[in-house]
Amino acid sequence: MVESLAEYVPQSLAMILAALAAAGLVFGFIGTSTFLFIWAERKISGRIQDRLGPTRVGKFGLLQSLADGIKLVTKEDFVPTGADRLLFRIAPYVAFCASFAGFIALPFAEGVVAQPLNVGAFFLLAVLSSEVFGVLLAGYSSANKWSLFGGVREAAQVVSYEVPRSLCVLVPICIAGTLNLNTIARQQEGWFWNWYVFHDPFTFLAFVIFFIVATASCKRAPFDLAEAESELVAGFLTEYSGMRWSYFFLAEYASMFAVSGLASLLFLGGWHTGLLPFEPAERFGPLFGNLVDVGVFITKGSLLVLVMMWMRWSLPRLRIDQVMLTCLKYFLPISCGLLIGVCVWQLYMPKVLAEGVRVVLAVGFVVAAIVVVLSAARLKPSPQLSGAFTKP
Amino acid sequence: MNLDFVLFTILATLIAASAVGVVSSATIVRSAVFLLFTLIGVAFLYFLLGAEFLGATQLIVYVGGTLVLVVFGGMLTTAGPFNVLRTKTAEWVLSGSVAAGVFALLVSISLQLGARPTSTGDIPGPGPLGMAFLTTHLLPFEIVSVHLLVVLIGAAYLARAKKKAGSP
Amino acid sequence: MTELGLTHFLILSAFLFACGLLCIATKRNAVGILMGVELVLNAANINFVAFTRYLPGFRIEGQVFAVLVIVLAAAEAAVALAIILNFYNNRGTVDVDQANDLKG
Amino acid sequence: MPEFLREVPGRLFLVATLLPLFAFAVLLAAGTVRRFRSPLPGYFASFLLAVAASCSVIGLSWFLQDAESLRDQSKAMAARWGERVEWLHLGGWKADARPARSIDLGYRIDHLTALMVTMVTVVGTLIFLFSLGYMKDEQAEVEDHHAHVRRRGRFGRFYLYLSLFAFSMLNILIADNLFQIFVGWELVGVSSFFLIGFYTERRSASTAANKAFIVNRVGDAGLLVALAVAWFHVGSFNLDELFAKAAHLPADAILLLGLGIFCGCAGKSAQVPLHTWLPDAMEGPTPVSALIHAATMVAAGVYLVGRCWVLFTPDVLLVIAYLGAATMILSALVAVVQTDIKRVLAYSTCSQLGFMMLALGLGAWTAALLHLLTHAFFKALLFLGAGSVIHGLHHEQDLSKMGGLRRKMPVTAYTMFVGVLAIAGMPLLSGWYSKELILSHVIGSAAADGVARPLLTFLPFLTAGLTSYYMFRLWFLAFAGEPRDRHLFEHAHESPAVMTLPLLVLAAFSVGVAWGWPVWSVESSQLAKVLHHAQPPVLDVKYHAIHGKAEEHHLLTTALALGVAAFGFAVAIARHRAGTLLTPPRPAVLAQVLRKKFYFDELYAAAFTQPTVELAKLSAAADKRPDVRPFNLRSLDGVLNAIADSLVALGTVVRRLQTGQLRTYILALGLTLAAGLGILLRLSR
């Protein structure tokens with residue numbers, strides 16, 4: 001983009017313009033996707049709880065988020081007395097900026113990235129882990145003990161979960177031999193058993209662990225101890241309202257998509273469908289091919305986000321000590337073991353055997369998925385449960 | 001007057017301003033927030049210099065780890081809300097003059113260095129850096145590893161919950 | 001001086017260093033002192049990385065030592081905080097002026 | 001054959017030397033494991049030393065083959081049987097300094113070393129084995145009746161010290177330089193200190209250990225002087241270089257060098273006047289005595305005199321000869337009246353060492369070292385036999401309470417009889433060959449030299465007769481006749497196989513180690529022939545006449561020697577029949593002098609110990625006198641106190657700087673930094 005712009009304007013200006021364009025695109029994507037995700041979350045929670053969810057605004061209630069947004073923008077923006085005004089005001093922006101910065105290094109397709117970084121994966125982890133600052137500041141500056149509890153819990157939780165998350169990211173990176181997300185995704189082109197999740201048993205497990213840990217580090221249920229409305233009112237969000245409150249949600253949904261995108265780039269082949277015998281960019285030309293790739297990538301990321309929502313509405317929340325115990329006593333040793341295991345695998349496993357394992361894993365996964373879907377389809381809603389909601 | 005220089009000026013202003021903020025803030029958490037901006041600014045300075053790996057390391061270790069710890073510690077050790085420990089003006093003057101003296105000396109030394117060869121090209125990425133850590137600089141790497149282990153154990157020991165004397 | 005050069009970085013780091021020194025010297029809160037130390041370390045690190053860019057002899061070494069400094073800073077913060085917490089448990093304050101048991 | 005041995009087979013001996021050190025290190029580490037009660041340390045150390053012994057036996061055979069095939073290629077021999085590494089580089093860091101010197105470590109194997117290492121490891125292994133039985137009590141808790149304590153057993157520690165002892169001795173033997181020898185020398189000293197004082201709770205043991213250590217230090221001082229002379233004049237400790245340059249040294253330097261070395265050797269080998277420690281060293285466990293007397297410590301002195309023979313001027317050799325003669329006769333006389341079984345043996349060792357020194361002084365190099373080797377075997381046998389007796393009698397050492405023991409412990413009795421025969425010079429036994437050679441040289445030198453030295457000629461024969469007498473006396477008192485202590489006799493028992501087996505092996509060695517063909521000819525002794533290869537070539541030239549005369553008169557020698565030995569035996573058996581073996585010699589004065597061991601201990605006490613104590617008492621008293629004390633406080637004490645006071649004052653001032661305020665320190669740090677930077681900046685302009 002810079003090159004094409006540079007034909008018309010000076011180089012520096014071109015770079016600034018490109019940067020602004022990228023920022024606008026990313027911001028637009030975050031905003032739109034958050035609107036859609038909030039709608040989806042309400043719909044999914046409704047379905048899971050055997051109700052309809054939003055139906056009034058727009059078709060299927062699609063505009064519900066917009067209506068909510070208008071309400072939030074017009075709400076009074078106030079700061080509690082006794083709060084540290086400066087910190088209270090900037091906390092949401094700190095949280096949002098961190099999530100936003102993550103998208104700078106997230107490639108949506110081959111070369112479709114705001115700033116191609118050689119250490120993309122590392123950078124992504126780094127900025128996502130600084131999101132905790134906003135929460136911590138919000139909790140501290142609210143001058144409210146529930147907020148403070150929420151903030152401190154969040155700090156402890158995120159700092160702890162960051163370790164197994166980084167270790168699990170290292171597992172595919174060990175195979176790829178680079179930190180460049182673009183390159184990692186390109187290495188997984190072709191059929192879907194080339195995805196790193198099917199590379200060997202360790203990456204398969206690493207993907208599972210990474211997904212759980214990433215959920216936790218986005219402070220999503222069942223790990224949402226920072227809000228924990230049954231214990232802490234609303235945690236660090238207690239004193240917030242209006243736009244500032246919505247920035248926290250923007251940040252949350254953005255980082256959900258960011259970690260899902262990271263997962264799909266590292267484990268699930270990035271923008272590769274895994275089912276096409278050709279490259280869309282080669283077949284359909286750069287513009288349309290890249291659009292297809294972007295679509296595939298967003299679909300994969302969104303599917304993972306939907307799984308996160310599914311988890312939120314199906315699983316009960318853990319206690320804070322259980323959360324910490326799960327991380328430090330289980331995830332941390334397991335991820336260390338996985339890292340060692342994948343190194344040993346890379347060093348000593350013969351090529352042929354590795355190929356076989358990959359196919360077996362992939363086929364087994366597909367079969368398992370089909371079995372789950374079929375058995376889920378055969379399940380009927382429990383009459384007692386549905387009855388409980390219909391009858392007064 | 002190129003883009004690099006503009007970006008540097010912006011970043012340097014951010015870093016310097018927030019460093020001043022760190023010093024002048026009365027409450028500890030506010031200092032920490034200014035420190036956060038300083039550190040992020042320094043991280044972006046590394047990106048500007050082309051040391052991407054270092055910048056990311058700075059972010060993940062300093063911002064995501066160390067600073068969270070510091071804020072955590074600050075929160076745990078403030079007895080009341082927004083606890084403030086005031087410093088006497090005389091001390092400010094004394095310390096300020098010493099710091100100013102050091103700054104002046106350092107600047108004069110920097111200026112004395114004069115014109116240096118400009119950029120030596122791209123900074124080696126994580127690959128050469130990792131190789132360096134496992135070959136020529138293996139000893140410092142191992143020392144740091146052992147050091148970290150010692151710190152891990154030592155900090156856990158120091159901060160462990162102590163039983164009150166007399167209780168079982 | 002409109003071309004970005006080593007001197008700019010050195011001056012910035014000198015300023016950061018002076019700020020760190022001032023911070024250590026004026027803060028009575030132990031955590032604040034820790035922050036001053038971080039500032040000083042960052043000042044040193046800026047120099048290292050700037051040397052990496054501008055001096056041929058520092059191609060790898062500058063980065064290596066910058067990484068070591070970052071890692072050691074984290075370790076130092078952990079231990080310092082453990083000590084501060086202990087001090088707080090014993091004294092009920094983090095005012096370093098109260099820590100004068102070794103006064104001559 | 002392992003690769004590292006094929007190139008340099010001399011490493012076999014290096015391995016043999018280092019194995020005991022390894023045992024020492026392992027036992028030292030294992031000693032930290034408390035309550036480690038098992039015979040394992042003994043087995044371990046003995047096994048390693050046995051391996052070392054086999055190494056050295058193999059090494060010896062290879063060496064002899066090599067020496068045969070590479071007879072005239074001394075360079076090739078040196079390359080295959082010796083190595084050097086630079087250990088310390090000294091001097092030469094300044095451009096104008098003298099050429100850099102270095103201290104090397106290395107080893108060099110020749111016939112003497114090969115034989116000695118083999119002897120030490122073989123005898124050592126047997127002693128180690130014997131100790132397995134003798135020190136069995138130490139494996140459990142021990143009730144020490146002498147010191148009246150109960151204590152933990154020290155089995156492992158015993159073998160720890162023994163291994164160190166063996167290593168140090170082997171180090172002396174294979175070393176190719178004086179420095180390394182000195183290190184081994186001191187290690188021998190310290191390990192003998194540990195072992196003599198093994199029963200630390202007993203006052204007598206610790207005193208004896210101290211005595212041995214201190215007397216040895218006197219000798220070592222001489223050796224240190226010799227080292228200094230060598231370093232100053234030659235600039236190297238390497239023996240070959242020393243020998244090569246010895247002829248060009250100034251007369252006083254070479255005299256000092258020789259005297260110094262001999263002084264060290266006299267200390268280690270218990271020559272008059274430094275012999276007083278050896279009989280006291282009997283306080284250690286009996287296997288230790290065997291090790292000290294046969295294989296390790298006392299042999300070191302004779303070995304070093306032999307090794308450095310080239311460095312001795314005729315005057316020094318004469319000193320050596322006379323001191324050797326004095327040691328020989330004085331100890332023999334004292335041995336006649338001793339009633340402690342171990343002390344008799346101790347004095348006999350002293351006497352035999354005097355014999356060897358005398359021979360070295362007279363130039364009978366081969367004879368002296370042959371006697372060292374044969375003596376090692378039969379003296380080890382005798383001591384281990386004595387140990388077996390002591391073990392069988394539940395730690396009773398007094399000859400006057402023994403008697404008739406051959407019925408209770410036949411193996412010990414008859415193997416010991418072999419030893420007695422050997423030391424007395426019974427023909428065809430090993431002692432005969434060496435003693436005969438020495439005596440013939442005594443006659444030879446008397447006949448060849450223009451100067452008459454009647455003492456040196458007459459005394460050896462007298463000593464030979466005395467040796468025969470007191471050794472048979474010992475045997476008769478212990479094993480023959482009727483038991484003098486019924487109770488002791490009833491409870492006596494033969495020792496277990498682990499102790500008698502080494503006795504048998506040593507008896508075999510004592511009989512045949514020096515044999516050659518024909519057996520009845522002294523000249524044909526195979527051991528002597530091998531040793532002869534190691535003899536410094538200069539000896540052949542210088543003492544050609546003596547050798548000639550010695551051979552000429554050797555029938556006379558044989559007759560005389562056998563005569564005196566038979567006479568001694570006859571006297572012993574006559575007195576045994578008469579039952580007067582224990583009665584002191586006739587003039588009461590003589591008996592008193594002999595019993596007091598010629599008043600050496602008393603002399604030293606009066607000459608050195610007492611004056612020191614008196615001087616100390618005098619000083620202490622003076623310090624307390626009211627008229628001296630103020631003066632003292634102003635002078636010597638005053639200076640010291642002033643230093644202390646000023647330091648206190650300084651501390652009081654400096655203490656104020658220690659405010660305890662962190663920020664003050666930081667400010668000081670900043671100021672220092674600023675000042676330092678400023679100074680650097682000014683300097684760089």
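Computed from a predicted model, the values in this text were never measured in an experiment. Order of the sequence lines sets the chain letters (A, B, ...), proteins ahead of strands, with each chain counted from 1. As a basis for the values below, the full set of heavy atoms in this structure was taken, side chains included, without hydrogen atoms, waters or symmetry mates.
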When the 4.5 angstrom heavy-atom criterion is applied to A:Leu128 and chain B, the contacting part is neither
If one checks every heavy atom of A:Leu137 against chain B at 4.5 Å, the contacting part turns out to be side chain
Heavy-atom check, side chain of A:Asn118 versus side chain of B:Phe53, under 4.5 Å: no
Quick one: are B:Ile60 and A:Phe123 in side-chain contact, heavy atoms under 4.5 Å? no
Engaged part of [X] at the chain A interface, taking heavy atoms whose separation is under 4.5 Å:
{"X": "B:Phe37", "answer": "side chain"}
{"X": "B:Ile40", "answer": "neither"}
{"X": "B:Val71", "answer": "side chain"}
{"X": "B:Val68", "answer": "both"}

[X] atom [atom1], over 12 foreign heavy atoms within 6.0 Å:
{"X": "A:Tyr93", "atom1": "OH", "answer": "yes"}
{"X": "A:Phe149", "atom1": "CZ", "answer": "no"}
{"X": "A:Phe27", "atom1": "CZ", "answer": "no"}

OG1 on B:Thr27 to CG on A:Leu87, rounded to 0.5 Å: 6.5 Å
If you round to the nearest 0.5 Å, how far is CG of A:Leu136 from CG of B:Leu67? 9.0 Å
Contact summary for B:Ala56 and A:Ala126, nearest pair of heavy atoms: O-CB, 3.5 Å
Select, from A:Val132, A:Val127, A:Leu86, the one with the greatest count of heavy-atom pairs under 4.5 Å involving chain B. A:Leu86
Residues from residues 166-187 of chain A approaching chain B under 4.5 Å (heavy atoms): A:Ser166, A:Leu179
Within residues 155-165 of chain A, which positions have a heavy-atom distance to chain B below 4.5 Å? A:Ala155, A:Ala156, A:Val159, A:Glu162
